[in-house]
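These notes are about the structure you will find just below.
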Amino acid sequence: MSRYRPRTSRRRAASHAVTALAVLLAWVALVAPAPVRGWSPAPLQLLRLPAEGIVFVAVLLALRRGVPRWFPVAVGLPLGVLLTVRLLDVALLAAFYRPFNPLTDWRYVGSAAESLGESSGALTAVLAVVVAGLSLTGLLVLTPLAVGRVARVVDRHRRPALRAVVVASVAWVLCASSGLHTSSDLAVASSSTAGLAAREVTSVREGLRDMEAFAAQIPVDSYGHVPPGDLLGALRGKDVLVVFVESYGRVAVEESPEVAGALTAGASGLRSAGYTSRSAWLTSPTFGGISWLAHSTLESGLWVSSPQRYDQLLATGSSDRPRLTLARAFSGAGWRTVDVIPANHRDWPEGKAFYGYEQVYDARNLGYAGPDFGYAPMPDQYTLSAFDRLELERRPGRARQPVMAEMDLVTSHVPWAPLPHVVDWPAVGDGSIYAAQAAKATTPDTVWASPRGVRTAYGQSVAYSLDSIVSFLRSTHDRNLVVVMLGDHQPVSIVSGDHADHDVPVSVIARDPAVLEHIAGWDWQAGLRPGPAAPVWPMDRFRDRFLSAYSPDNGG
């Protein structure tokens, strides 16, 4: 018999280890706090008394006939769901400064995977999605199993469990009445699970109410019934570019020496080329990503602060009277409207149906034959060069309408490596010249080895985008060009920090002094670098103020 004892002992030890892990998982599911902005996990946060756990054990003891089959699923599955929600909250708060939205965020798993694939490679994206999927699914499976195992232990030791419930109940009441905390904002007497469940239910209800409220806002438009000929008269004959620089936020202007140098040199170079510029701040509806929320906010004059609102707004493109976007306003007033989205690889019918663009350029029709640069399928300088060739270049015997274009410059998209550098414009060609640059550029693995390296690479990538724009403006033969240059959102928190605002810089640049005279009342600051005292507008106010300033026939 003695030869079987080691095996029995090992089985008993393994059983105890599994039970301990089950207790730990159930405990974490019960007491893990709902994360908030700036939150970071710490072991001390688990030293709490969960009211829900006391109730669950008391209910189990009251049943008296063992552990019902329904108990692990009825208790464990909701705990697993809520623990999963906590983890998703952590991920989205770190990236976008907002918690997980159960109504809409699940739709963007594909977009997130695609963005990761373009930034870090298809294999990395697939592995990340598989690992994340297995981890979250594992929680939903393991938590009920853990609850079932703990329940069976309680059932086998009913008297000690009863004493533990009594002691824990008294301790919970004493801790609650005394206000004892494990930290400044976490009480020892915990009810995290119930609070999180209530928060999620409230979030869904608020989301549904917001859908109704936003649906009522969309058709209310002070410019929706203005005759197209009465709009934008002060810009007649001028080509107008709205240029979004990816992740170009306040942190770039105020904390990056590379960006500060690019803005100073850029302002000087533009002045020498006959340009004037004015700058301020816009508060973006998004942070760290989901750029399309900023684009739709600027274009529509509505605060599009969630994927849910974005879907609602774009769905109106099929209606008889879609919302007036800046692109539609320019189109109605006689401009050819163009969208340039070099990171897009598929058809985007909403570009025409909702925004009102006549032509959409993307990675498939910009003629690029060079290498990718991280997320960016082409360098910003090439994007500008291709747009100039396709739309602005004047050819003998070819008359053209003035062009209004929205352009996305995406070299400064995370991971901010590898990074191209500006070349002479005649050398850009089809982009083949960039192959040598890509081969020698710093890799994302090197950049992301330290937070300092990430912040430096971020500043360098934004500086490159700004240098590309300034160089383009200095080299173009288009004397009637007007540029609105702005950021879409602040970069992710590893660069911005845990308490950054949502402000992004915006500049209006033109050679014609009259263009800037029309916005003199805005009190924007001279140059490309807005200071701390520069005006700060919500981004949704820009459309109406822009239309008012440049529509003198409409009282602007």
Side-chain angles (χ1 to χ4, degrees), residues 1-33 35 40-88 90 127-128 130-172 175 182-183 186 188-193 196:
M1 293 293 291
S2 61
R3 61 183 178 179
Y4 293 104
R5 288 176 183 171
R7 180 178 297 178
T8 302
S9 177
R10 286 196 295 271
R11 287 178 177 175
R12 185 177 295 113
S15 177
H16 290 333
V18 171
T19 299
L21 291 174
V23 171
L24 178 61
L25 178 57
W27 188 266
V28 170
L30 285 166
V31 303
S40 58
L44 192 63
Q45 295 166 351
L46 300 180
L47 299 180
R48 307 164 73 201
L49 286 172
E52 300 88 351
I54 297 171
V55 171
F56 291 155
V57 175
V59 168
L60 186 62
L61 293 174
L63 295 175
R64 293 184 174 276
R65 291 187 179 181
V67 182
R69 291 182 178 180
W70 54 263
F71 189 86
V73 175
V75 174
L77 186 58
L79 287 179
V81 170
L82 292 174
L83 184 56
T84 300
V85 168
R86 288 183 178 100
L87 293 175
L88 293 172
V90 170
L127 290 176
V130 170
V131 170
L134 290 176
S135 300
L136 296 180
T137 303
L139 283 179
L140 298 179
V141 173
L142 292 176
T143 308
L145 293 176
V147 168
R149 190 174 188 89
V150 173
R152 289 189 292 274
V153 171
V154 169
D155 186 58
R156 289 196 300 268
H157 304 86
R158 299 182 71 85
R159 287 191 176 181
L162 179 60
R163 288 194 293 269
V165 166
V166 173
V167 172
S169 299
V170 172
W172 194 95
C175 291
T182 62
S183 62
L186 288 178
V188 172
S190 163
S191 57
S192 295
T193 305
L196 179 59

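Throughout, residue positions are numbered sequentially from 1 according to the sequence presented.
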Item to check | Expected output: side-chain Thr84 to main-chain Gly80 donor-acceptor under 3.5 Å | outcome: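 Looks like yes, one N/O pair under 3.5 Å.
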Which heavy atom of [X] sits nearest a heavy atom of [Y], and at what distance?
{"X": "Ile54", "Y": "Ser169", "result": "CG2-OG, 3.3 Å"}
{"X": "Pro72", "Y": "Gly148", "result": "CG-CA, 3.6 Å"}
{"X": "Pro68", "Y": "Leu60", "result": "CD-CD1, 4.3 Å"}

Checklist entry - Which distance, rounded to the nearest 0.5 Å, do you find between the CG of Leu162 and the NE2 of His157? => result 14.5 Å
Item to check | Distance (rounded to the nearest 0.5 Å) between Thr19 OG1 and Arg152 CZ | outcome: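 Answer for the OG1-CZ pair, Thr19 versus Arg152, is 8.5 Å.
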Checklist entry - What do the steps show when you test Asp155 against Phe71 for side chain to side chain contact (heavy atoms under 4.5 Å, CB included), and what is the final call? => result CA-CA 12 Å; Asp155 186 58; Phe71 189 86; over 6 Å; no
Item to check | Leu77 and Thr143, any side-chain heavy atoms less than 4.5 Å apart | outcome: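 Not in contact.
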Item to check | Side-chain touch Leu145/Leu142, heavy atoms, less than 4.5 angstrom | outcome: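 SC-SC contact between Leu145 and Leu142 confirmed.
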Checklist entry - When Arg149 is tested against each of Val154, Val18, Leu25 for side-chain contact (heavy atoms from CB on, under 4.5 Å), which residue passes? => result Val18
